[in-house]
Amino acid sequence: MQCDVCKQNKATVFLTQIEKGKMQKVNLCEACAHTKGVADPKGFALVEMLHGFGHGEKVATQPQERTCPNCGMTQTTFRKTGRLGCGACYQTFGEGMDQLLKAMHKGVRHTGRVPAWAKVVGRDNDRVEDLRVRLEEAVAAERYEEAGRLRDEIRQLTPPETAV
Amino acid sequence: MMKFATLLRKPPEWMLLDGPHRDIVITSRVRLARNLDGPAFPGFAKKEDRTTVMQELQPVVEGLPEMKDGFSEDLGALDAIRKQVLVEKHLISREQAAKSGGSAAVINRDQSLSIMINEEDHLRMQSIRSGLDLRVAYAALDRVDEELDGLVKFAFHPRFGYLTACPTNLGTGMRASAMLHLPGLVLSEQVNQVIAAVNKIGLAVRGLYGEGTEALANLFQISNQHTLGEREAEIIARLERVIEQIINHERNARRKLVEDQPHKVLDHVGRAYAALRYAHILESKEALTQLSMLRLGSDLGILPSDLGRTIDTLLVEIQPAHLQINSQRKLGPEERDVLRAETLRQRLAGVPEPRPESLQPPVDPEPPVI
Ligand SMILES: [Zn+2]
Ligand SMILES: [Zn+2]
């Protein structure tokens with residue numbers, strides 16, 4: 001039997017799933033199963049995704065699992081191991097991590113040391129922006145000690161002529 | 001570069017110095033986790049990518065001025081006993097000792113700085129000092145961090161800080177800890193309360209060899225849990241304040257023991273002296289417990305005051321891998337217990353008998369010199 005994806009190699013991985021009363025079958029070769037990340041033969045999203053190629057709108061669009069474009073770490077593996085695969089993973093999975101970080105840490109924002117490259121103006125604009133928002137919050141809440149600290153931090157990150 | 005044999009023979013700098021509160025705080029350690037921007041973290045990287053990172057980082061780390069004439073080795077080139085020796089000396093982690101190729105350890109000559117390459121993160125850098133000296137330990141490490149920052153590009157995110165394999169290390173990537181000797185709190189059965197209180201304020205308490213290890217020798221490691229949301233200096237200041245409070249509790253507990261139960265104290269110290277000087281079979285746990293009591297005896301004036309340093313050395317030397325490497329062969333547990341007792345008898349041979357009449361409560365140390 002031929003692989004449904006590459007239509008070249010011999011299929012050795014067979015996935016079957018009952019969906020809306022209809023049996024769906026996908027046959028894959030070893031290589032395609034690997035590149036599509038089929039570790040779990042019940043890979044629901046995969047079956048849908050594959051059928052999505054040929055069946056168009058008939059298949060509900062189940063979003064593909066989030067995967068880090070840099071290292072290939074998947075959401076499932078991250079959830080299972082609790083470890084990230086590379087620095088870029090934080091771009092992919094970071095947004096949903098606030099709850100987790102809140103439980104683990106004192107805060108969800110870094111306030112410590114910054115490497116030289118990140119201090120370069122432009123690259124840390126969003127950090128300064130972030131600090132400015134917090135400064136406003138701190139002033140509004142009359143947390144002056146924190147506000148002073150934030151002001152110092154902004155000053156450190158911005159060239160003298162633009163400092164607040 | 002320094003040979004393994006030299007590293008083994010040479011006592012680390014922290015053992016030769018008397019840091020602040022040395023009677024209660026044995027060492028202060030600070031650790032920083034750093035990763036390169038780009039390559040996958042060691043635990044997720046393919047073997048060849050891990051090797052590439054190591055080949056890039058090892059010469060850079062070796063080239064740091066701090067690492068001049070230091071020790072540097074691929075973990076794959078060290079046998080299990082040598083790796084375990086490094087763990088017992090607190091120079092590498094148990095996690096790293098479990099690794100072989102593609103991971104390296106670089107240690108400076110006085111063993112105050114150790115840098116693990118490809119442990120859980122690309123870099124785990126540690127600074128160790130005698131006594132309660134977290135700021136100085138951090139300053140030494142910060143210098144190394146700064147130097148490396150000029151040589152490689154660290155993975156960093158403006159909101160999350162330094163990016164690490166495990167989100168529990170995110171932000172500063174810093175873990176600061178102190179090893180406290182708390183026999184007074186243990187003997188007066190107050191230690192669990194103290195641990196509970198410390199845990200409650202977000203600090204971790206562990207045993208002699210880190211996570212999940214028993215509190216042997218009445219030694220407790222106190223460290224920060226949170227790495228994100230506070231600056232390095234804030235984390236250290238908070239930890240230091242808590243440790244100073246624990247030191248006060250320990251001194252008070254010792255004082256109360258001396259005043260209310262002098263015979264109990266003298267009995268513990270006397271038995272420890274007898275066991276360590278005359279026993280021929282000593283299991284690790286018993287030896288550690290007795291060394292703790294001997295150290296207490298020294299702190300309370302019953303035994304010579306310079307004994308503390310010998311004891312701190314022995315705490316490491318009677319560990320299994322140290323015993324085996326010194327005897328140059330693999331030993332079974334029974335053989336180790338015999339050799340452990342022998343080592344202790346020899347090393348403590350010149351120690352005079354305890355003098356009960358010299359028992360005195362701890363004095364509060366002089367205010368720190370600024
Ligand atoms: Zn195929
Ligand atoms: Zn990644």
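Owing to the predicted nature of the structure, the values given are computational and were not obtained by experimental measurement. Sequence lines set the chain letters: A, B, ... in the order given, protein chains first and strands last, and positions in each chain run from 1.
For chain A, the option among B:Gly150, B:Gly161, B:Pro42 with the highest count of heavy-atom pairs below 4.5 Å is B:Gly161. Ranked by heavy-atom pairs under 4.5 Å with chain A, the first of B:Pro167, B:Gly229, B:Gly171, B:Cys166 is B:Pro167. When each of A:Lys106, A:Met104, A:Arg113 is checked for heavy-atom pairs under 4.5 Å with chain B, A:Arg113 comes out on top. Among B:Glu234, B:Gln225, B:Arg34, the residue with the largest count of heavy-atom pairs under 4.5 Å with chain A is B:Glu234. In terms of non-hydrogen atom pairs under 4.5 Å with chain B, the most contact-rich of A:Cys68, A:Gly82, A:Cys89 is A:Gly82. Each of A:Asn70, A:Leu84, A:Leu101 has some count of heavy-atom pairs under 4.5 Å with chain B, and the biggest count is that of A:Leu84.
With a threshold of 4.5 angstrom between heavy atoms, A:Ala88 does not approach chain B through any atom at all. Only the side chain of A:Met97 has a heavy atom closer than 4.5 Å to any heavy atom of chain B. Within the 4.5 angstrom heavy-atom criterion, atoms from both the backbone and the side chain of B:Leu170 approach chain A. With a threshold of 4.5 angstrom between heavy atoms, B:Phe41 approaches chain A through its backbone and through its side chain.
When each of B:Leu228, B:Thr172, B:Asn169, B:Thr227 is paired with B:Thr164, the side-chain contact (heavy atoms from CB on, under 4.5 Å) condition holds for B:Asn169 and for no other.
Counting heavy-atom neighbours within 6.0 Å of A:Gln99 CD, excluding the residue itself, gives a total of 12 or less.
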(request) Could you go through the side chain to side chain donor-acceptor pair (under 3.5 Å) check for B:Ser103 and B:Gln96 one step at a time? (result) CA-CA 8 Å; B:Ser103 178; B:Gln96 202 194 14; 2.9 Å; yes
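Between B:Phe160 and A:Tyr90, the ring-plane angle classifies as tilted under the 30° and 60° cut-offs.
Residues B:Arg124 and B:Glu95 are not paired through a salt bridge, judged by the lack of any N-O separation under 4.0 Å between the basic side chain and the carboxylate. Between A:Glu95 and B:Arg159 there is a salt bridge, since a side-chain N of the basic residue sits under 4.0 Å from a carboxylate O of the acidic one.
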